[in-house]
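Structure record follows, encoded as structure tokens.
Residue numbers run from 1 in the order of the sequence given. Every number for a ligand or one of its atoms is a count from 1 in the order of the listing.
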Amino acid sequence: MAMAREFYIYNTLSHSKELFKPVHPGRVGLYVCGPTVYGDAHLGHARPGVTYDVLFRLLRKIGYQVRYVRNITDVGHLENDADSGEDKIAKKARLEQLEPMEVVQTYTLRYHEAMRRLNVLPPSIEPRASGHIIEQIALVKKILEAGYAYESNGSIYFDVARYDEKHHYGVLSGRNLEDTREGTRSLDGQDDKRSPLDFALWKKAAPEHIMHWPSPWSEGFPGWHLECSAMSQKYLGDVFDIHGGGMDLMFPHHECELAQNTASRGQGGVHYWMHNNMITIKGQKMGKSLGNFITLSELFTGRNDVLDQAYSPMTVRFFILQAHYRSPLDFSNEALQAAEKGYRRLMQAVRDVKSIPVSPTAAARPEIASLPEKVYEALCDDLNTPTALSVLFDAVRIVNSVKDKLLEINPADRDTLSSLLGEVTSDVLGLCDEASDSASAGLVDGLIGLVVEQRQQAKAQKDWATSDRLRDRLKELGVQLKDTKEGCEWTVE
Ligand code: ZN
């Protein structure tokens, strides 16, 4: 197969941008930490969703076969992100009097729907933590055998101090054991841990805990960090290419994952660690307690006091792409409105480029011929989407000048502009044309209405053969008719 294009990636582990070298030629293993499904998908989910989707699309576009694994956390994530408190899903189930798996199903479907609207491609594999308890128990056994964990009252904890004697705990997040110790609360005497730095690999379930499984140590449940070590190894192997997630997961989640990998298989197992920055709201962290929490469905409908209006999924996607994934991104109505304008301007040019006039005698323009290379150079430079967009807007300006007859271009240059705007915008950046989607939806509605009208006329003239034929043909196409006193209602399956 053809050699893939060079791609540079910022590696959190080395704190530097590196030339990407895959473990296996032509193939990429990508693991991204997915959501804990105990509530609606919110603005915070949109950024990693879109960022790793662009990475997935780009790697495929430049010639790699990509196995993209994004997990669903449905057990083990406790309320305070550490080893105490209630399981987030079990708590929701208790409050709403549901089975935990009903909570998981509801919010997994809503997350999928939000991602689908943002035009985020589904991953190649989407494993659930609760479906991999056997693998997680096997991993705990390995870490115990290697001497980096201990049992205490039926729970198993990772021995951080012991690990740090041989390896560096904190290598990913750039801290040493002393810094980490300072940031950790001391043990309250009730704890089974030897040190507050230690983290749970397996927790014995309290009698009121709903989700638990048998293990050699107790009836219990796996620690939150364990699932990603177990599932990434299962689907991508002992060593794989890229592990992504939000910056908020770097410590402790990814640090613990790295330690678990090293303790159980002698190596970190991940070549490139990648972290996206967070979305803030007017400079503040988003949080339920701060009253600035926005779900994605609220964003798409405008139903939240923080919002001046509804913002379409593609506006939100464009807004995210305008910033580099490692830079902070601040949400405000003004910023979203500017993104809406930019998105519409880009899409207008995508539509216009197909019909702008060309003049066969116009000279070739090198500034047009060089645009595709510039876009890919930006995208392959650690996913520099803001620069890629600015190059696309250079193309937009050229299209508009041709449209306004200020510039003449030849057919080859028009083809370059057309494939650049069409392919890069939709295939790599994942921006689809909402106006044409809704226009075609409107057209379908109009055509169905027209056929229904014809059938009503046939019925009025007692032409039953025609009326039945139209009804049956519509039914074959998935359109159900229902005759009522007022006329005819129809629904599409
Ligand atoms: Zn994870």
Side-chain angles (χ1 to χ4, degrees), residues 11-13 29-39 41-42 44-49 51-53 55-56 67-83 87-89 104 107-108 111 115 120 122-133 135-140 143 158 169-173 199-203 221-265 268-278 325:
N11 191 351
T12 312
L13 196 57
L30 167 65
Y31 187 91
V32 174
C33 291
T36 303
V37 283
Y38 69 105
H42 53 75
H45 289 117
R47 197 167 194 195
T51 298
Y52 298 108
D53 183 56
L55 176 67
F56 182 35
R67 182 178 295 164
Y68 176 16
V69 182
R70 187 186 65 205
N71 69 301
I72 292 282
T73 296
D74 61 355
V75 67
H77 195 169
L78 304 185
E79 269 188 299
N80 61 2
D81 288 357
D83 293 328
D87 182 295
K88 293 187 183 199
I89 285 152
V104 168
Y107 294 115
T108 301
Y111 174 74
M115 290 301 121
V120 168
S124 327
I125 305 175
E126 191 172 51
R128 286 181 179 191
S130 68
H132 297 77
I133 301 292
E135 288 82 354
Q136 295 181 75
I137 290 175
L139 189 55
V140 176
I143 299 172
F158 192 93
Y169 181 78
V171 66
L172 182 64
S173 52
F199 57 90
L201 300 174
W202 186 264
K203 282 277 276 185
F221 56 93
W224 172 38
H225 316 306
L226 199 65
E227 59 172 292
C228 292
S229 282
M231 296 190 294
S232 60
Q233 184 185 24
K234 174 165 173 140
Y235 296 111
L236 298 173
D238 282 354
V239 182
F240 63 93
D241 300 292
I242 307 173
H243 191 314
M247 242 171 60
D248 54 335
L249 294 177
M250 196 193 298
F251 188 89
H253 186 57
H254 291 158
E255 197 72 64
C256 295
E257 218 182 303
L258 179 54
Q260 290 164 165
N261 293 355
T262 309
S264 62
R265 51 192 206 243
V270 178
H271 279 184
Y272 306 92
W273 286 87
M274 190 170 163
H275 292 95
N276 64 277
N277 211 315
M278 312 310 287
Y325 76 90

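Between Val104 and Arg128 there is a side-chain heavy-atom pair separated by less than 4.5 Å.
Distances from the Zn ion (ligand 1) under 2.8 Å pick out these protein N/O/S atoms: Cys33 SG, Cys228 SG, His253 NE2.
Shown are Phe251, Phe158, Phe199; of these, the ring pair (Phe, Tyr, Trp, His ring centres under 6.0 Å) with His225 is made only by Phe199.
The shortest heavy-atom contact between Glu255 and Ser173 is OE1-OG, 2.5 Å.
Using bins of under 30°, 30° to 60° and over 60° for the plane-to-plane angle, the ring pair His275/His254 lands in the tilted bin.
We find the CD-CG distance between Gln233 and Leu139 to be 6.5 Å, quoted to the nearest 0.5 Å.
For Ser229 (side chain) and Glu257 (main-chain N/O), a donor-acceptor pair under 3.5 Å exists by modelled atom type.
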